[in-house]
Amino acid sequence: MGDATADAAAPLRALLMGVSRFAPAVAEDEEPMPGQGWDDLPFVLPVLARLEQAYQKLAYEVRAVREPDRRAVRQHWTAVDEEQYGIVHVVSHGTTAVAGRGRTAEGSERLSMVPSCGNPGFGTDVSLWVQEANSLAHPMLFVVDLCRAGRAARVAQLAQIPDDQLHAWVIAATGPDRAAYDGAFSTAVAEVLEEMADNGLDTSPSLRFVRWDKVTSSIQNRLSATGSRQKVHSTKVDTSQPLELPFFPNPNWTGDPRLERLQTVDAPVRAFVADLGAEHFMDRVRDHFVGRRRQLAHLAPWLDDATVGGLRVVTGAPGSGKSALLGALVCTGHEEIIRAAPDIRRHLAAQQPDGVASPNPMLAAIHARNRELDAVLTSLAAQWGLPARGAGRTEPWTVPDLIEAIVALPAVPVLVFDALDEADDPADLMQRLLLPLTEALRPDGRPCLRLLVGTRRGTRFQPLLELAAAQQTLLDLDDVPDGELRADLAEHLSLRLAELPSYSAAPQRPVRTALARTVAAKLTRNAGTVRDWGPFLVARIFGRALETLPAPADVAAAEHLGASVPVTLPGVLELDLSLQPQRARLRAVLAAVAWAKGEGFPTEAVAAVAAEFAPDVNDGNVRQLLEANRFYLRTGVESDGSTLYRLFHQGLADYLQVESYLRPYTPTHPRPDSSGGPE
């Protein structure tokens with residue numbers, strides 16, 4: 001965020017100052033009047049010790065100053081620039097009666113920290129600290145646990161400074177005219193810091209720092225959970241923009257610039273990368289896309305042909321590879337993805353050069369999962385660079401307006417539209433957007449765009465499917481020759497097996513070849529018929545089960561095991577879950593994630609829903625269970641930086657929403673014993 005992260009690599013340093021005992025603020029030869037002076041705060045030293053440890057857990061070098069008088073407070077504040085403190089955290093009484101050298105009227109915007117001498121004055125004005133810190137070269141955060149602390153968060157001189165020019169931020173214990181009690185705020189801060197050091201508040205690994213709004217809301221939630229009526233006040237910032245301020249390092253951060261770049265890709269586009277399994281192409285070879293060579297070789301040249309328009313529709317059973325096919329095309333042709341992760345295109349081009357789309361600035365992509373018409377129109381207008389509408393440039397797009405704009409474009413644009421069946425209102429999107437797009441013509445009589453749609457079958461999609469069938473542009477992935485589908489599946493499984501330790505050795509080549517060939521043959525029987533489950537999805541999950549099952553000892557055992565593969569999604573999923581040591585908990589977590597909408601559920605939502613399906617799933621073990629289920633999950637990033645979880649395939653979600661609870665596994669095929677042979 002502007003210059004705020006410029007010094008992110010510098011050592012992290014924090015200054016803590018806390019006062020628990022106060023001398024009377026009167027001259028030595030005077031007697032204090034009744035009620036004059038400051039009550040001691042016995043909670044300060046224990047909470048200061050906890051804060052010191054909590055900041056150290058986040059890799060801060062901490063200087064904790066206990067019981068400073070006014071001179072010590074002033075000395076430490078004047079050294080903040082030289083010491084390069086990133087955080088200043090104070091716990092004491094606060095007063096508005098003194099500012100700078102003199103006194104101001106009660107109710108002033110000024111706020112001073114009361115030192116141990118009991119006499120605030122020059123050098124103790126926290127409001128002035130914040131104002132001065134904004135002129136420093138490095139960013140600084142003030143964590144203020146004083147009565148009326150909110151005044152420090154509302155320094156008038158900083159209120160009009162744009163977010164990207166701020167260098168000083170405040171998180172305050174309470175409002176501008178409210179009291180703070182018993183160190184509750186600092187205790188909440190310590191708890192949040194401790195959790196942050198443990199799990200990063202579930203912040204995405206693509207983010208180097210925990211985001212501002214995540215931290216402030218977590219502190220408030222901790223306060224509220226204790227019954228405290230204190231309301232955290234903080235520097236007002238625009239939370240619609242990424243706020244990755246360099247104060248709270250994320251222990252989950254991977255330092256992978258590729259993942260960071262991918263997070264900048266528009267969500268309806270980025271979903272194609274996830275569905276292809278391409279987020280981790282560099283370290284997860286088993287998720288690489290293979291197969292569908294004939295379909296790719298047909299569609300890629302059509303996407304590139306600027307002289308034509310029209311419609312193509314890809315359909316097939318759940319798990320037949322629709323999204324992977326469209327994802328391969330989008331990841332090779334969409335310039336935003338190519339910019340973020342050029343290795344995806346290189347990998348796919350190495351597999352099949354004829355099936356790779358050319359980079360195209362006019363290729364837009366929409367993954368419709370849980371999206372509605374307005375969001376789709378907004379994304380399309382942005383991807384095609386269409387000018388904003390209305391006098392204030394803020395009017396929402398309508399379908400007629402979009403069509404009018406794209407018809408006027410100098411070149412025929414391209415739209416790849418996947419997961420129509422997973423949209424918020426699929427029939428509405430088809431009737432109001434997709435069908436009108438197929439009917440619109442350019443002034444020269446050509447179709448207004450090239451439209452490639454991926455969807456399941458269904459009566460509600462009949463108008464679109466029948467239109468494509470009538471134009472002979474319907475590609476049914478279940479209607480392919482047996483040999484072609486069998487070869488694609490065998491290649492997929494062979495790649496998967498070759499990286500498993502129990503199959504990767506040279507003597508195991510005949511075993512893995514026989515196993516891949518036999519599974520592919522079993523899953524492609526009766527090819528060309530309407531299927532309930534696509535063979536690619538079944539094969540992929542069976543590959544996961546093979547990671548747990550002992551490897552066959554020879555070719556005969558491999559063929560026996562391959563012939564036992566379940567041919568349905570429920571069958572292969574139940575097989576894999578039955579092999580897991582925490583199968584009840586793992587199933588509960590998957591069932592919870594099955595109900596996620598949009599980009600997914602955050603960790604706390606997964607824990608809350610999973611407890612319905614297995615009561616022993618809780619906040620304490622849900623992260624470990626999510627990691628154990630990583631094969632089945634895709635992740636996204638919430639606006640506050642939290643990691644979001646969803647299942648990698650809608651077919652899994654559909655099944656687990658119905659079959660959420662653990663049920664006894666009834667094997668429909670033999671399992672190998674420990675020697676690798678059949679039972």
Side-chain angles (χ1 to χ4, degrees), residues 262 265-281 284 286-293 295-296 298-300 303 312-334 337 341 344 347-348 355 357 363-371 376 379 415-423 426 429 434 451-458 461 464-465 474-478 480 485 488-489 492 531-541 569 594 596 598-600 631-636 646-655:
L262 281 171
V265 176
D266 193 29
V269 181
R270 189 172 66 245
F272 285 88
V273 182
D275 270 13
L276 186 63
E279 287 178 306
H280 301 277
F281 257 19
R284 290 175 62 186
R286 63 179 177 271
D287 279 348
H288 287 193
F289 174 76
V290 297
R292 300 303 185 187
R293 299 177 183 276
Q295 291 82 5
L296 285 170
H298 168 70
L299 290 171
L303 289 177
R312 298 286 188 276
V313 176
V314 178
T315 191
S320 59
K322 299 182 297 296
S323 290
L325 173 63
L326 269 60
L329 294 166
V330 169
C331 288
T332 57
H334 199 287
I337 295 177
I344 299 176
H347 171 82
L348 294 171
L363 189 156
I366 294 291
H367 197 291
R369 181 190 301 112
N370 298 130
R371 307 190 198 284
V376 169
S379 179
L415 171 56
V416 180
F417 195 99
D418 192 24
L420 170 61
D421 51 286
E422 299 176 35
L429 269 175
L434 299 183
L451 174 62
L452 175 60
V453 181
T455 182
R456 296 185 190 181
R457 304 181 193 88
F461 307 124
L464 188 69
L465 295 170
L474 178 65
L475 282 75
D476 189 338
L477 297 185
D478 295 333
V480 298
L485 184 57
D488 287 347
L489 280 170
H492 170 78
R531 300 172 181 273
D532 293 324
W533 310 106
F536 277 97
L537 179 59
V538 175
R540 185 174 183 180
I541 298 175
L569 174 63
E599 292 294 296
F631 168 83
Y632 288 103
L633 301 176
R634 289 285 181 263
T635 58
R646 60 179 176 81
L647 298 181
F648 79 74
H649 198 278
Q650 185 61 35
L652 290 167
D654 294 341
Y655 174 68

>> Between D478 and A317 (side chain of the first, backbone of the second, donor and acceptor by atom type, cut-off under 3.5 Å), is there such a pair?
In response: yes

> About how many Å separate CG of L326 and CG of D418, when rounded to the nearest 0.5 Å?
Replying inline: 5.0 Å

> What is the minimum heavy-atom distance between L485 and P535, and which atoms define it?
Replying inline: CD2-CG, 4.0 Å

>> Looking at every non-hydrogen atom in both residues, tell me the closest pair between G316 and K322 and how far apart they are.
In response: O-NZ, 3.2 Å

>> A side-chain contact here means heavy atoms from C-beta on lying under 4.5 Å apart; do P318 and Q650 qualify?
In response: no

> What distance do R312 atom CZ and L475 atom CG have between them, rounded to the nearest 0.5 Å?
Replying inline: 8.0 Å

>> Give me the atom names and distance for the closest heavy-atom approach of A539 to L489.
In response: CB-CD2, 3.9 Å

> Mind checking whether L296 and L348 have side chains closer than 4.5 Å, heavy atoms only?
Replying inline: no

>> Within the structure provided, determine whether D654 and L569 are in side-chain contact (heavy-atom separation under 4.5 Å).
In response: no

>> Nearest 0.5 Å, please: how far is CG in L537 from CZ in R540?
In response: 8.0 Å

> For E422, which residues count as a salt bridge (Lys or Arg N to Asp or Glu O under 4.0 Å) partner, sequence neighbours excluded?
Replying inline: R369

> Under the side chain to side chain donor-acceptor pair (under 3.5 Å) test, which residues partner D266, sequence neighbours left out?
Replying inline: S379

> Can you name the nearest heavy-atom pair linking A274 to R634, along with the distance?
Replying inline: O-NE, 2.6 Å

> Of all residues at least two apart in sequence or in a different chain, which pass the salt bridge (Lys or Arg N to Asp or Glu O under 4.0 Å) check with D421?
Replying inline: R456

> How would you list, by chain and number, every residue that makes a side chain to side chain donor-acceptor pair (under 3.5 Å) with R371, sequence neighbours excluded?
Replying inline: E599

> OG of S323 to NE2 of H649: how many Å apart, nearest 0.5 Å?
Replying inline: 6.5 Å

>> Rounded at 0.5 Å granularity, tell me how far CG in L415 sits from CG in L452.
In response: 8.5 Å

>> In the structure I gave you, are the side-chain heavy atoms of L477 and F536 within less than 4.5 Å of one another anywhere?
In response: no

> Run the side-chain contact (heavy atoms from CB on, under 4.5 Å) check on V273 and V265 step by step: do they pass?
Replying inline: CA-CA 10 Å; V273 182; V265 176; over 6 Å; no

>> Is the shortest side-chain heavy-atom distance between L329 and V416 below 4.5 Å?
In response: no

> Taking atom OG of S320 and atom CG of D476, what is their separation to the nearest 0.5 Å?
Replying inline: 7.5 Å

>> According to ring-ring contact (aromatic ring centres under 6.0 Å, His included), who are the partners of F648, at least two apart in sequence or on a separate chain?
In response: F631

> Is there a donor-acceptor pair closer than 3.5 Å between any side-chain N or O of T315 and the backbone N or O of T455?
Replying inline: yes

>> Please give me the minimum heavy-atom distance between F272 and G327, naming the atom from each residue.
In response: CD2-CA, 3.9 Å

> Looking at side-chain heavy atoms only, is the closest gap between V480 and D488 below 4.5 Å?
Replying inline: no

> For the residue pair A357 and L303, what are the closest heavy atoms and their distance?
Replying inline: CB-CD1, 4.4 Å

> Can you list the residues that meet the ring-ring contact (aromatic ring centres under 6.0 Å, His included) rule with H334, with sequence neighbours excluded?
Replying inline: none

>> side-chain contact (heavy atoms from CB on, under 4.5 Å) for F461 and V313? Distances and angles first, verdict last.
In response: CA-CA 11 Å; F461 307 124; V313 176; over 6 Å; no

